[in-house]
J.: 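Below you will find the structure I want to go over with you.
Chain A is the first sequence line, chain B the second, and so forth, proteins listed ahead of strands; every chain is numbered from 1.
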Amino acid sequence: MSADINRLSDNKEISPVDLFYESFEKLNEYQKAAVLDYRKALLVNAHVGSGKTTVLIHKILYLHFIKKLPLQSMVVLTFTNKAAQEIKDRLKQLGSTIKNDDMKFFGTFHSVCRTLLSSSLTVENLGYTKEFSIADGDEILELYDRIMIDNNLSIKYKNKIKKRMDKVKSGETLYGNMKNDDDINELMKLLKQEKIRCNIMDFDDLIDYSIELLPISQFKPQWIIIDEFQDCDSRQLKMVELLAGNTGNIFAVGDPNQVIYSWRGGGGEVFEDFKVKHNASEISLPINYRSTTTILNAARSFLKNGVNLSGVRESGTPITIKKHHNRFNEAVYLCQRIKSLNSMGTAYKDIAVFYRKQKDSEVFAEVFDKHDIPFEVSSRKTLRDTPALYWALRLLKAAVNNRDKSSIVFLLGTGRYGVGISQKKVKDIAQKFFKADADTCGIELLSKIKGFREWCGNHTTSLEETASQIYDYFDIAMYLAPTSITFEEDRRIVMKLLNDITEYSVANNKDIFEVIGDYANSSSLYGNQILKEVSNNIHQDEDTVKLMTLHASKGLEFDYVFISGVNLGNIPIISKGEEGEKEEQRLFFVGITRARDSLEISYHVKPDDFGVYGVPSPYLRMIPEELIESEDFGSRASSLGQLRREIKDNIDKKSESSKANCPADNVKHKVLVVHDKYGQGEVISEDENNITVEFPVYGDKTFTKMFCPLKYI
DNA sequence: ATGTAGGACCTTTTT
DNA sequence: GGTCCTACAT
């Protein structure tokens, strides 16, 4: 589909209106109906792979080019920067006249809130200024620390403080039967004051304060368009309602079958609630273009009523279910399997391996490395993982928002970079600095920070030189440890950041101080994007196998998908109640439906993790037998009720016999072992992590004990 | 100050 | 099962 769009946009002679119609004609009747619908509140129930984003984009183009509404009168809300970026990119491809500035209110919930709070909403009412900055989770953690020290608070379970604070916020308590209370409620109170004093907001504040201020604002967009609507939590829903007011229209696209993040607040019955509350109509997009009929049929067994999803593709290959000893063995198998797929013409980048937990990636990464399989693990990187860049951004943050005490403390402290003043002294200095007269205590960096706004106003040289002048102004080199081996790279990264900023300032003819403010203040919101732009991101489209958690797979698709460790206790993790179990099912559904052509599922006989049982997940039995090609993996359940009973029985049975056979216990007394592939061998040496075994044919092999590929005899 | 028994929790993650 | 941490003991 995107190939079509590319081709069309190359044709410069066609006007955006014609281009729209040409592209619109290619939609199916359901998609067309959704685009043309003009009712006040519409829910689009977009099934997997049904062209959800395409519909959303055509909706915007239709409103703009056909209904002649300015883009500034629309708010488009997403949950991730990636989704927002994709929408903007595709809009620009189809509508050549569209400029970035027109899409001011297109973005994540948080970034749109930031735009509103720093332009049209009266944050001054709350004690903030429009230059407020945004603190990410880690910065809030710093803040907790500082408040605890400054106020002598006693807080228990400090390294779970984030989780505890989240609980307190929602009125619950972690560690419910803690004998003696601590000062956590006090910390909560002080936190709010301190954030205002420092002129910083956390992610939740952006939404909460927007909700607080929207009712008294003049901002009245005509259309509110929401992507992944099923992930809205109650506050985000509230925000949508306030944005729409009495006059705005709401167009929400989503799929209730893909709610996998309800544990972080959203999900639940948003669709139903919204329908009732706003008397919204519902349209569904039932046609899946992505997967083979076999895969879709399997997926359908996990849908509520499973009927309203149809495919257009051929039946394809059966789903494979494989039994492995443990994850290590599977990894070894996968290497050989992937190599063979690759030699038969499947590109590495069209193959993905999904697992349940982040930690699971370690085994795969290690084994894939050894077997020279090119791969990439999708791990979340933050700005902090590039310390020099992070330090520079904190500097800019402080320079723009002088009230940002956290950043000042960070910059002066004894971290990897920075001035290197001891914690106690920093506290004194910061205290003086934040008194009315802003004493810089003879610290060069502080006076530079304080004088930065003035310096920006006075400096008149060409903008091309501005980047290096800023670098010199703060004497950044000095703080980046010029003698360290990473210095050259650090300097390059920081210069690249400053260059990007000045370039942007030139291109958009905007004041440099303002642009720096935008950049620094939003670095928490677009952390990953900045990281990508600044570091050499070569891996983007590389031909590598992609490894990720099931959660991370949402929204992606691959020709060949492996789902690893579909065991009872892993997928599903045996969770609290019925709701939790349903979510586990949806997670598996999401995983299955990522596959275009082929799907291979595995389970482990001896899983490595606590709480995971060595039996296949009951979900495997919900897949119709005729779709599967596998070794036998047990009886099948004919109803959900029966399935639940079976899960329960399995758990009971397993917990009784769990102590019985744990081969690792006998390690020290025996010398002879058996390996699945190498056969019988003798232990030569071992330490706490590794064990070396001599095999008659294969010679010496060293194993990591964690993977436990050996059986003792 | 230092030692240890017993409790709670353990996953998924964007902004 | 392993880890972290509190609460109470010396």
J.: From CZ of A:Phe203 over to C1' of B:dT14, roughly how many Å is that when rounded to an integer?
T.: 8 Å

J.: Of A:Ile260, A:Thr549, A:Thr593, which is the lone residue that meets side chain to side chain contact (heavy atoms under 4.5 Å, CB included) with A:Lys554?
T.: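 Answer to the side chain to side chain contact (heavy atoms under 4.5 Å, CB included) test with A:Lys554 among A:Ile260, A:Thr549, A:Thr593: A:Ile260.
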
J.: In whole angstrom, give the distance that lies between atom NZ of A:Lys554 and atom C1' of B:dT12.
T.: 12 Å

J.: Return the value, rounded to whole Å, for the distance between atom CG of A:Asn159 and atom C1' of C:dT3.
T.: 10 Å

J.: Please pick, from B:dT13, B:dT15, C:dT6, the nucleotide with the shortest atom-to-atom distance to any side-chain atom of A:Lys156.
T.: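 In terms of side-chain proximity for A:Lys156, the closest of B:dT13, B:dT15, C:dT6 is C:dT6.
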
J.: Run A:Glu142 and A:Arg146 through salt bridge (Lys or Arg N to Asp or Glu O under 4.0 Å) and show every step you take.
T.: CA-CA 6 Å; A:Glu142 273 173 28; A:Arg146 227 186 59 231; over 6 Å; no

J.: Got a salt bridge between A:Lys397 and A:Glu139, using NZ or NE/NH1/NH2 to carboxylate O under 4.0 Å?
T.: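 Yes.
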
J.: Is A:Asp205 salt-bridged to A:Lys192, cutoff N-O under 4.0 Å?
T.: no

J.: With a 4.0 Å limit, can you tell me whether A:Thr549 has a side-chain N or O closer than that to the phosphate oxygens OP1/OP2 of B:dT13?
T.: yes

J.: Does A:Gln358 make a side-chain N or O approach to OP1 or OP2 of B:dT13 shorter than 4.0 Å?
T.: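 For B:dT13, OP1 or OP2 has a side-chain N or O of A:Gln358 closer than 4.0 Å.
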
J.: From C-beta outward on A:Lys163, which listed nucleotide comes closest to its side chain: C:dC4, B:dC10, B:dT11?
T.: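 In terms of side-chain proximity for A:Lys163, the closest of C:dC4, B:dC10, B:dT11 is B:dC10.
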
J.: Rounded to the nearest angstrom, tell me the gap between atom CD1 in A:Ile573 and atom P in B:dT12.
T.: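 Those two atoms, CD1 and P, are 7 Å apart.
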
J.: Counting the atoms with a prime plus P, OP1 and OP2 as sugar-phosphate, which does A:Phe79 contact under 4.0 Å by heavy atoms, base, sugar-phosphate, or nothing?
T.: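 A:Phe79: backbone/sugar contact only, no base atoms under 4.0 Å.
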
J.: Which nucleotide, B:dT13, B:dT15, C:dG1, lies nearest any side-chain atom of A:Thr108?
T.: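 Of the options given, the side chain of A:Thr108 lies nearest B:dT15.
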
J.: Using the P atom as the point on both nucleotides, what is the distance between B:dT11 and C:dC5, in whole Å?
T.: 14 Å

J.: Using atom NZ of A:Lys82 as one end and atom C1' of B:dT14 as the other, report the distance to the nearest whole Å.
T.: 12 Å

J.: Under 4.0 angstrom, heavy atoms only, what part of the nucleic acid is A:Glu583 near: base, sugar-phosphate, or nothing?
T.: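 If one applies the 4.0 Å heavy-atom cut-off, A:Glu583 turns out to touch nothing in the nucleic acid.
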
J.: Roughly, in whole Å, what's the span from OH in A:Tyr157 to C1' in B:dG6?
T.: 10 Å

J.: Remember a base hit wins even if backbone is also touched, and classify A:Asp136 as base, sugar-phosphate or nothing at under 4.0 Å, heavy atoms.
T.: nothing

J.: What's A:Phe109 touching, base or sugar-phosphate or nothing? Going by heavy atoms closer than 4.0 Å.
T.: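 It contacts nothing in the nucleic acid.
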
J.: What is the distance from CD1 of A:Ile226 to P of B:dT15, rounded to the nearest Å?
T.: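 One finds 18 Å between P of B:dT15 and CD1 of A:Ile226, rounded.
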
J.: Side chain of A:Ala552 only, please: which of C:dC5, B:dT13, B:dT12 is the nearest?
T.: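 Selected nucleotide: B:dT13.
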
J.: What's the CG-P distance between A:Leu556 and B:dT14, to the nearest Å?
T.: 12 Å

J.: Checking side-chain polar atoms at under 3.5 Å, does A:Ser564 have a donor or acceptor matched by the opposite partner on A:Glu330?
T.: yes

